[in-house]
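Heavy atoms only: backbone and side chains are in, while hydrogens, waters and symmetry mates are out.
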2 protein chains.
Amino acid sequence: MMAGVSANADAQRSAAPPPELGRAARRSASWTIAHTADEADRPSGSQSIQRALVLLNLVGVLARDRPEGVSLAELTRVSGRPKASVRRVLVALVAEGYVEQDPGTACYRLGLQAGVLGELAGHRADDLGEASTDSLIRIADTSTDTTFLTVRHGSYGVCTRRQEGPGPIRNYALAVGDRHPLGIGAGSLAVLSALSDDDIDDVLASTATTRGHYPGFDDETLRGLVRRSRRDGYALNDGRVIAGSWALGVPVHDAAGRPVAALSVAGIAERFDPPQCDELAALLHTEARSIHAALTRSQESRPVRGRP
Amino acid sequence: MMAGVSANADAQRSAAPPPELGRAARRSASWTIAHTADEADRPSGSQSIQRALVLLNLVGVLARDRPEGVSLAELTRVSGRPKASVRRVLVALVAEGYVEQDPGTACYRLGLQAGVLGELAGHRADDLGEASTDSLIRIADTSTDTTFLTVRHGSYGVCTRRQEGPGPIRNYALAVGDRHPLGIGAGSLAVLSALSDDDIDDVLASTATTRGHYPGFDDETLRGLVRRSRRDGYALNDGRVIAGSWALGVPVHDAAGRPVAALSVAGIAERFDPPQCDELAALLHTEARSIHAALTRSQESRPVRGRP
DNA sequence: CGCAACGGTCCATATTGTGGACCACGGATC
DNA sequence: GATCCGTGGTCCACAATATGGACCGTTGCG
């Protein structure tokens, strides 16, 4: 019990360009990495719910580029949980409409309610998303690379926006919905580096077991990366998550000055030699400041508590 | 236990126009109506999950027009469940990021993950939503009233789209995310009327207890409404859900010919005398056929199963 | 024809979620 | 300022609930 829970994201990001992979190339994940706040410190009585929510997210992420959906087998494999459990949860999710099952293939994908929830959530004032879209587009256009918005959630970073640049190179290392411990990836590292030393200690402690599944991201390495990021003024991911995929990120601060998100740009290694890095960082910083300003504005223009 | 579970929707749709309601006017719901498939027939082993999902939806619906969020008290009241339970579930939802709690007011609203899920779900091929947007806009424009897309989910209908017309009158009887048993409301009734008699029997049986909370929608009344709808060629809701709020709906059939959704238009009673009804019905039918055609097209242009 | 992988089901077990009772707080009202 | 109500939040004995290993029926490959 309480072993490796759940899973995630780019475990299995199918290499898209070559459609010629033999059937031998298993699409399934070979590692199961945690997808949620470290399971250990959960005090309370709701693990079935937490498992369900994690699985829901997992269905969304895995089925993202597959209209067919995800197979039960793959979900059990990736989530690292017994098949019967996964299925029981899936049945519940289907019953509520958050997941639907393809009657033909028996595969699972997000359902009606997931869309409704999104509609409801989108309708809500999503200040950050709102404020960042323009910036993302501008960055993607001028850099010609793929741009991301990573939002801090506890000790983890969640990719909430992704904007393709006009360039020919597509990046599959990060997609909307992916979640990684703070420090893994450029945007995530940018947020981490912007935290206080005390907060960093907490984060590292909290994500320790999760990070066990990311080779080469032990505490010391991460602290080193934080130091470098602070010195340089930007966070650089030199291909340590996925070989050959580099990225550069800077933090975004909310109205209260807390680093709540990050902008990042990803591309191939060749695009990240020092002079280009500085140029990119300047661009990102400008946009990050612009988002911060927008957040500040929208904050003070809403002192309304309760009804007029 | 297993008494009235959960709740919904337009229980408490605050009358928006008059901002001058004394503090005496409680905003909270006074009735708790079921929000999910009838709880009785749930085979099992996942009621905590189902409760969590229902609550999640509830947070979304109730907090829709309130950036502040919903209070714990209101959620317990509307959901009809013990406060401790509601809170425990909310904590789990918050921990996973699907709900967030305003640190100032302690109110709950949809969180980051809800938006992510929506993004993921929207990215998915949402044929129906895609095919209907244009139609909804056209109907709203020509009718000058508010137009809805209601999707069938089991024995219930869920409002998934809503398009305001240019007219001055706003309708607050139905909003995205609301769920009612089939037969309650114009669109919902349109779907029901398009089902086979056997299916209608099943639906009525399945929603019997739920409909207990909708006064004046017993089996006989509904069968009568179905007969009338079939005769007229459209479903008319003559203000029986919310007094003064009338609506007219027609079913939408998928590629296989099954009634999976409905288009409907809502407005004040004065706009629904027989000649206008026929005119409206004709308009809706045209658009319904157009959506059906689009669905058929998108269906046959996607025979791709598996990878090339 | 066996083998492996698939989706799906069963059911004894104890872990998990349950919810009534309780506390502290804040703002009306007397 | 004493009293009341409603709020958000916590506790914990209890048993209903979720759990997951074992199992079944199919399918498709070698």
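Each end of the helix from C:dC1-D:dG30 to C:dC30-D:dG1 yields a helix axis from five base pairs, and these two axes differ in direction by 30° (to the nearest 10 degrees).
A salt bridge is defined here as a Lys NZ or Arg NE, NH1 or NH2 lying under 4.0 Å from an Asp or Glu carboxylate O, and B:Arg66 with B:Asp102 fails to meet this definition.
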For nucleotides 8-11 of chain D, print each protein N/O atom paired with a nucleotide N/O atom at under 3.5 Å, atom names and distance only.
residue: D:dG8; atom: OP1; partner: B:Leu72; partner atom: N; Å: 3.0
residue: D:dG8; atom: OP2; partner: B:Ala73; partner atom: N; Å: 2.7
residue: D:dG8; atom: N7; partner: B:Lys83; partner atom: NZ; Å: 3.4
residue: D:dG8; atom: O6; partner: B:Lys83; partner atom: NZ; Å: 3.3
residue: D:dG9; atom: OP1; partner: B:Gln101; partner atom: NE2; Å: 3.3
residue: D:dG9; atom: OP2; partner: B:Arg87; partner atom: NH1; Å: 3.0
residue: D:dG9; atom: OP2; partner: B:Gln101; partner atom: NE2; Å: 3.3
residue: D:dG9; atom: OP2; partner: B:Tyr108; partner atom: OH; Å: 3.1
residue: D:dG9; atom: O5'; partner: B:Arg87; partner atom: NH1; Å: 3.3
residue: D:dG9; atom: O6; partner: B:Lys83; partner atom: NZ; Å: 2.5
residue: D:dT10; atom: OP2; partner: B:Arg87; partner atom: NH2; Å: 2.3

Next item on the list: Determine, step by step, whether A:Arg109 and A:Glu100 satisfy the salt bridge (charged side-chain N to carboxylate O under 4.0 Å, His left out) criterion, reporting the C-alpha distance in whole Å, the side-chain angles of both residues, the deciding distance to 0.1 Å, and the verdict.
Entry: CA-CA 5 Å; A:Arg109 67 179 96 91; A:Glu100 64 187 24; 2.7 Å; yes
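Atom CD1 in B:Ile49 sits roughly 11 Å away from atom C1' in D:dT17 (whole-Å rounding). Atoms CG (B:Leu90) and C1' (C:dT18) sit 15 Å apart, rounded to a whole Å. Rounded to whole Å, atom C1' of D:dA16 lies 12 Å from atom CZ of B:Arg88. Look at CD on A:Gln50: it is 15 Å from P on D:dA18, rounded to the nearest Å. As a whole-Å value, the separation of B:Leu75 CG from D:dG6 C1' is 16 Å. Rounded to whole Å, the distance from CG on B:Leu53 to P on C:dG17 is 14 Å. Rounded to whole angstrom, the span from the CD atom of A:Gln47 across to the P atom of D:dA18 amounts to 11 Å.
A heavy-atom distance below 4.5 Å is found between the side chains of A:Leu182 and A:Leu195. Side-chain contact between A:Val70 and A:Cys107 is absent, with no heavy-atom pair separated by less than 4.5 Å. For the pair B:Leu56/A:Tyr98, a side-chain contact is recorded, criterion being any heavy-atom separation below 4.5 Å from C-beta on. Side-chain contact between A:Ile49 and B:Arg88 is absent, with no heavy atoms from C-beta onward closer than 4.5 Å.
No donor-acceptor distance shorter than 3.5 angstrom exists from the side chain of A:Asn57 to the backbone of A:Val54, with no hydrogens or angles considered. Between the side chain of A:Arg152 and the backbone N or O of A:Gly154 there is at least one donor-acceptor pair closer than 3.5 Å.
As judged by a 4.0 angstrom heavy-atom cut-off over every strand, B:Ser48 is placed among residues touching the sugar-phosphate backbone only.
For B:Asp199, there are no salt bridge (Lys or Arg N to Asp or Glu O under 4.0 Å) partners two or more places apart in sequence or in a different chain.
Contact between the side-chain N/O atoms of A:Ser85 and the OP1/OP2 oxygens of D:dT19 is not found at any separation under 4.0 Å.
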